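Remember, predicted model here, so these are calculated numbers, not experimental data. All chains are named by letter (A, B, ...) in the order of the sequence lines, taking the proteins before the strands, and each is independently numbered beginning at 1.
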Number of protein chains: 2
Amino acid sequence: MNKTILLNQRPQGKPTLADFKTITEEVPAPQEGEVLLKTVYVSVDPYLRGRMNDARSYVPPFQLNEPIRSGIIAEVVKSKHADYQKGDFVSGTLAWKEYQTSTGKGLQPVDPSVAPLSSYLGVLGLTGLTAYLGLMEIGKPTKGETLVVSGAAGAVGSVVGQIGKLLGCRVVGITGSDEKVALLTDTFSFDQAINYKTAADLKQAIQTACPDGVDCYFDNVGGEISDAVMAQLNKYARIAVCGAISLYNETKVPMGPRLQPIILTRSATMRGFIVSDFAEKFPPASKQLAAWLGEGKLTATETIVEGFDRIPRAFLDLFEGKNTGKMIVKV
Amino acid sequence: MNKTILLNQRPQGKPTLADFKTITEEVPAPQEGEVLLKTVYVSVDPYLRGRMNDARSYVPPFQLNEPIRSGIIAEVVKSKHADYQKGDFVSGTLAWKEYQTSTGKGLQPVDPSVAPLSSYLGVLGLTGLTAYLGLMEIGKPTKGETLVVSGAAGAVGSVVGQIGKLLGCRVVGITGSDEKVALLTDTFSFDQAINYKTAADLKQAIQTACPDGVDCYFDNVGGEISDAVMAQLNKYARIAVCGAISLYNETKVPMGPRLQPIILTRSATMRGFIVSDFAEKFPPASKQLAAWLGEGKLTATETIVEGFDRIPRAFLDLFEGKNTGKMIVKV
């Protein structure tokens, strides 16, 4: 039998388990030119929240009673496709199903002898590409500059900070627990990390951690954390808006200090980053990330949850900050 | 005798006449290597408001009991400087004084036989450069795109819109009276103009005026007008933050809808523009503006107020939208 997770209803505010529904179907039979895939690892990502709304965005919304789709690593268990053999592994944007067929469109082969399979969803997948290309194409930090990363212990943030150190920046991370602060400074060599939940005055803490101001801000969270960072921007600062997890579950239009005066007086550049806009740069970026990973210069951190049924819960836990690094469900 | 206008006190919120003080001094005598200048035209500009606060910004604040300084056209009435003769005209950032001496540092000669003297404060001065460089370097509109300009009948906005038309854009202006709406569409060939004060639903009015969305937003005002424009941004939209006149007099931190979700989902770029950052591009920009003006492709609009004593009032009137085009005081 074949479990499938559907969007049961559009979340109102913070998503709940009731927004998802698991049904059981027959395992499909691949047609000529198709493969049958068995899901191995499922990526759960904050941006999926946006697709659960019926709203204009950069990807079309999920439909009610249709499967959720996200980054998945799957094993080819039957093949009627010339390019794939049983036992091959692939990655792609696939449905939250235990088994599904595919014509091969949009699939990339992945090799478990080169790197652990899960890393193709993380540092060697869209997560790593998001960190690398968002930082290089928008943040553009140079040696000696100060880079601040929010959501710093998350999937993207932890890679951004490590790349910042490789580029010779002072790197300051903002995160939500003392354990994550320790991880950032001890394992990922961030110069400083701040626990925004316990900081008495976040603005002051950022100012202290960034004595030369902030040249580059890689923003995964939006909201009050970003307000505090923006107050410290240097002239010609760059802000890569890569995510806004603190705002995704808002039911009213979220309000905050207007940014125009800071953007204007600092000659700052704030730019939205969507990794798919940079698809033509994926090959060289992937090569660089794989090289750094191979040389031990990048550490991939993952939070792996086991069991197909736990995909919705793993997704919900993203909004509680329960993950360190990439949140992945092992089926 | 020589009148001088000083900053009497730092404005709290909207400036008032009491924030300025006029004193009378002796007319100074130029030393060897100096000229004596007689003020002819004074530019009053919204950005001066920021310099009246004791706050970090892109230029140092004015000091209490010191003269205000702004763009001025002056006549050389005595010269002990080899490069200047009596009767020459110059432009520069000078003090609000009827007479002042100068070593010539920062002065540019201007020629009344080429263009009216006041235009060197407007379309041939920093106003024109702000419009041209802000649009070309940050807005980067291309033929067929939709350009929205706020503060559209102001000094900068009226030039931005005209350049947008020269570039082949659909140009929509937002302004504050029906007279200005008529000016924009009839004299400056804007495709549409909107009176934000009388629009029943500004967002809807912008949507109707921009059926293909907004590719480029040249923002002189910030605040709720900008909120309404931002809601209509297309993918890869550019926002040139050139001014925020609606926010300059706020005494509390102005709040508004958070911009990160729009910036992110539209892959938009929002960038602060300060004309002095682009000083190396002034010569070719000035040449282009002078050429367009000479060919009759640009119309310079000015509101000229007469009398040195009326400089403070003219400045205050900027915040009431009493000017059309460049606000200039003729001394």
Side-chain angles (χ1 to χ4, degrees), chain A residues 47 50-51 53 55-59 134 137-138 150 213 219-227 230-248 250 252-278, chain B residues 47 50-51 53 55-59 134 137-138 150 213 219-227 230-248 250 252-278:
Chain A
Y47 83 89
R51 295 195 65 185
N53 294 334
R56 174 183 172 185
S57 188
Y58 57 97
V59 278
E137 299 292 326
I138 298 184
S150 61
D219 188 6
N220 292 303
V221 304
E224 291 178 13
I225 292 172
S226 295
D227 300 339
M230 297 287 287
Q232 309 300 330
L233 292 186
N234 287 333
K235 187 159 170 88
Y236 300 126
R238 289 82 59 198
I239 305 106
V241 181
C242 181
I245 192 169
S246 78
L247 308 178
Y248 292 160
E250 296 282 345
K252 292 180 188 168
V253 175
M255 305 291 278
R258 292 190 179 279
L259 299 177
Q260 285 90 345
I262 287 174
I263 302 248
L264 174 57
T265 56
R266 309 295 198 275
S267 300
T269 302
M270 186 173 188
R271 188 168 160 202
F273 176 80
I274 296 169
V275 67
S276 53
D277 294 345
F278 293 86
Chain B
Y47 83 89
R51 295 194 66 186
N53 295 331
R56 174 183 172 183
S57 188
Y58 57 97
V59 278
E137 298 292 326
I138 298 185
S150 61
D219 187 6
N220 292 303
V221 304
E224 290 178 12
I225 292 172
S226 295
D227 300 339
M230 296 287 288
Q232 309 300 331
L233 293 185
N234 286 335
K235 188 159 170 89
Y236 300 125
R238 289 83 57 198
I239 304 107
V241 182
C242 182
I245 192 169
S246 78
L247 308 178
Y248 292 160
E250 296 281 346
K252 293 180 187 166
V253 175
M255 305 291 279
R258 291 188 178 280
L259 300 177
Q260 284 90 347
I262 287 174
I263 302 248
L264 175 57
T265 56
R266 310 296 197 278
S267 300
T269 302
M270 185 173 189
R271 189 169 160 201
F273 176 80
I274 296 169
V275 68
S276 53
D277 294 346
F278 294 86

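- Your options are Met255(B), Arg238(B), Arg258(B), and the one with the most heavy-atom pairs under 4.5 Å with chain A is Arg258(B).
- With respect to chain A, the highest number of heavy-atom pairs below 4.5 Å among Leu247(B), Val253(B), Ile138(B) belongs to Leu247(B).
- Considering all non-hydrogen atoms of both residues, Gly134(A) and Ala240(A) come closest at O-CB, 4.0 Å.
- For the options Pro254(A), Gly243(A), Pro261(A), Ser226(A), heavy-atom pairs under 4.5 Å to chain B are most numerous at Pro254(A).
- More than 12 non-hydrogen atoms from other residues, nucleotides or ligands lie less than 6.0 angstrom from CD of Glu137(B).
- For Tyr236(A), the part lying near chain B is the side chain, with the backbone staying farther off; criterion is any non-hydrogen pair under 4.5 Å.
- Taking each heavy atom of Ala244(B) and Leu264(A) in turn, the nearest pair found is N-CD2, 4.3 Å.
- Ranked by heavy-atom pairs under 4.5 Å with chain B, the first of Arg266(A), Lys252(A), Glu250(A) is Arg266(A).
- Ile263(B) is listed as a side-chain neighbour of Met230(B), based on a closest heavy-atom distance under 4.5 Å.
- Contact annotation: the side chain of Leu259(B) approaches that of Gln260(A) to within less than 4.5 Å [non-hydrogen atoms, C-beta and beyond].
- For Tyr248(B), the part lying under 4.5 angstrom from a heavy atom of chain A is the side chain only.
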